[in-house]
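Below, chains carry the letters A, B, ... as their sequence lines are ordered, and counting in each starts from 1. Basis for what follows: all heavy atoms, side chains included, without hydrogens, waters or symmetry-related copies.
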Number of protein chains: 2
Amino acid sequence: MRSYRQYCALAKALDVVGDRWTLLIVRELLLRGPCRYTDLQSGLPGIATNLLADRLRELEQAGVVRREAAPPPIATTLFQLTSRGEALDAVVEQLGRWGAPLLAKPRRNDAFRSHWLALPVRHCLRDHRPDQPPITIEVRTGAEPMTIETVNGAVRTRPGAARTPDAVLTGAPPLVVGVLTGRLGLEEARAAGLQYAGDPETLRRVQPGR
Amino acid sequence: MRSYRQYCALAKALDVVGDRWTLLIVRELLLRGPCRYTDLQSGLPGIATNLLADRLRELEQAGVVRREAAPPPIATTLFQLTSRGEALDAVVEQLGRWGAPLLAKPRRNDAFRSHWLALPVRHCLRDHRPDQPPITIEVRTGAEPMTIETVNGAVRTRPGAARTPDAVLTGAPPLVVGVLTGRLGLEEARAAGLQYAGDPETLRRVQPGR
DNA sequence: CCGGATCCGGGTTGATACTG
DNA sequence: CAGTATCAACCCGGATCCGG
């Protein structure tokens, strides 16, 4: 991208991360940790391969991303955020918070990846009963299941199913996101096609708003 | 901008404000309040007039900007942020914080406008002695002077000179920004060409970091 | 399969000129 | 003052290809 050539912190930041796709690449690396090139491609549906290669080079040059040869026997290169890149977490969080209301009226045919759920989970959900035994919620909404679990007060996500989930949430992404963020009531979502197996209290334990 | 077509809050936010120039237009409206078209042009050196018109239309459509006929006798249209647009303040702040270190090594020929100083001032400076009488610092670094003043605990900026400033800061933007944010010591900046008239304590009262 | 490079058509941006 | 018109240059998206 051409520089804005303005002596302003915002303009300088946008010189680095204002390009198309750039912040979405950062999102992938924030949510998934070190990624292979093809992991990034799968998490960024619609990106052209030359653009991904270009952006990774630019981000590396800017000190946001580091490229590393994975230790044997993996034999592939991994892309990961530097500490400077991880500092973009706050930017991604604020943009995500601002964009969250736009998820209320979803367009059809929007792509979806299960791990994107980690964004609202990390920034909205809290364990309101850290004194209680930890809980696990399995979410089935994208192509792959993912798991939400409490770990001494924090709420984490990880890919894959849970061994013994306290609850299982199944349905379209808008319903799952609506319920998790508390925008949609459980009964309301059920009427729209969401399936929830488990104690509603399990859900309330991590939902925002009180 | 083409939509990313991803069911993700970050992607949805970038669908609206991810276009080139868009967040800089929001910056102008955040820092200066309601603006005329030509005010925006002067605050966005380098923008093409057709792009400014396009972006304003898109932002209006997205509910971020409102266009209003100014009350007589002004007889001009004013552009201002809606409440949704003002909510982008947090986004601009985080991006500005992230970009601030990039101001340390300035390129020559970067454009500068005095009112851009309001960004670091709003987000970094605090009045550490709200019990004391208010103070006023005049800054002369761009084409026009601007004034920093404490108002019961908060630090504000306004365009124009101060009537009876407690201090006057004169010099190139990198020096002024460096001193205000505390990255540069006053003596260090003086050696580099900054002029400071007044009690150094006046400066310390609002500088960040203790 | 992985990690790109290359090529091409079309859309967007940027600079300038012009207008109600 | 607040844009529109025009046009060249550049960037993006999609497809294809290629060396490990």
Item to complete: Would you kindly give the OH-to-P distance between B:Tyr37 and C:dT19, to the nearest whole Å?
Response: 17 Å

Item to complete: For B:Arg84, check side chain to side chain donor-acceptor pair (under 3.5 Å) against everything at least two apart and list the hits.
Response: none

Practice prompt. With sequence neighbours left out, write down each residue that passes side-chain contact (heavy atoms from CB on, under 4.5 Å) with A:Pro120, or none if nothing qualifies.
Written response: A:Thr181

Practice prompt. Would you mind reporting whether B:Leu24 and B:Trp21 have side-chain heavy atoms less than 4.5 Å apart?
Written response: yes

Worksheet item: C:dA5 P sits how many Å from A:Arg55 CZ, rounded?
Response: 14 Å

Worksheet item: What is the distance from CG of B:Asp54 to C1' of C:dT12, rounded to the nearest Å?
Response: 10 Å

Fill in: Under-4.0 Å side-chain N/O to phosphate OP1/OP2 contact, A:Thr77 with C:dC2
no

Discussion item. How bent is the helix from C:dC1-D:dG20 to C:dG20-D:dC1, measuring the angle between the end axes built from five pairs each, rounded to 10°?
Written reply: 30°

Worksheet item: Whole Å only: how far is the CG atom of A:Leu56 from the P atom of C:dG3?
Response: 11 Å

Practice prompt. Quickly work out the A:Arg67 CZ to C:dC2 P distance and round it to whole Å.
Written response: 17 Å

Discussion item. So, does A:Arg36 get its side chain near the phosphate of C:dG4, meaning an N or O under 4.0 Å from OP1 or OP2?
Written reply: no

Worksheet item: Whole Å only: how far is the CG atom of B:Asp19 from the C1' atom of C:dG11?
Response: 12 Å

List, with names and distances, any nitrogen or oxygen atoms from the protein found under 3.5 Å away from nitrogen or oxygen atoms belonging to nucleotides 17-20 of chain D.
none

Worksheet item: Can you name the side chain to side chain donor-acceptor pair (under 3.5 Å) partners of B:Glu60, sequence neighbours left out?
Response: B:Arg67

Response to the item:
With sequence neighbours left out, the residues meeting side chain to side chain donor-acceptor pair (under 3.5 Å) with A:Arg190 are A:Glu187

Using atom names, set out every protein N or O paired with an N or O of nucleotides 14-16 of chain C below 3.5 Å, distance rounded to 0.1 Å.
| unit_1 | atom_1 | unit_2 | atom_2 | d |
| --- | --- | --- | --- | --- |
| C:dG14 | OP1 | B:Arg20 | NE | 2.4 |
| C:dG14 | OP1 | B:Arg20 | NH2 | 3.2 |
| C:dG14 | OP2 | B:Trp21 | NE1 | 2.9 |
| C:dG14 | O6 | B:Asn50 | ND2 | 3.4 |
| C:dA15 | OP2 | B:Gly46 | O | 3.4 |
| C:dA15 | N6 | B:Asn50 | ND2 | 3.1 |

Worksheet item: Do A:Leu56 and A:Leu40 come close enough that some side-chain heavy atom pair is under 4.5 Å?
Response: yes

Worksheet item: Which one of B:Glu144, B:Glu28, B:Arg27 satisfies the side chain to side chain donor-acceptor pair (under 3.5 Å) criterion with B:His115?
Response: B:Glu28

Fill in: Charged tip of B:Arg107 within 45° of A:Tyr7 ring normal and under 6.0 Å
no

Worksheet entry | Qualifying side chain to side chain donor-acceptor pair (under 3.5 Å) pairs, either residue in residues 133-143 of chain A, two or more places apart | A:Glu138-A:Arg140

Practice prompt. Grab the CD-C1' distance between A:Glu60 and C:dG4 for me, whole Å please.
Written response: 14 Å

Result block: side-chain N/O donor-acceptor pairs under 3.5 angstrom for residues 86-95 of chain B, not counting sequence neighbours:
| unit_1 | atom_1 | unit_2 | atom_2 | d |
| --- | --- | --- | --- | --- |
| B:Glu93 | OE2 | B:Arg97 | NE | 3.1 |
| B:Glu93 | OE2 | B:Arg97 | NH2 | 2.8 |

Worksheet item: For residues B:Asp15 and B:Ser3, is any side-chain donor paired with an opposing acceptor at under 3.5 Å?
Response: yes

Item to complete: Can you tell me the distance, in whole Å, between the CZ atom of B:Phe79 and the C1' atom of D:dC1?
Response: 10 Å

Worksheet entry | Residues A:Asp110, B:Lys12: salt bridge by 4.0 Å N-O rule | yes

Discussion item. Run the side chain to side chain donor-acceptor pair (under 3.5 Å) test against B:Glu149 and tell me which residues pass, sequence neighbours left out.
Written reply: B:Arg158

Item to complete: Please list residues of residues 22-32 of chain B whose heavy atoms come under 4.0 Å from any atom in DNA chain D, ordered by number; otherwise none.
Response: none

Item to complete: Identify, with sequence neighbours excluded, every residue that meets side-chain contact (heavy atoms from CB on, under 4.5 Å) alongside B:Gln41.
Response: B:Tyr37, B:Thr38, B:Thr49, B:Leu52

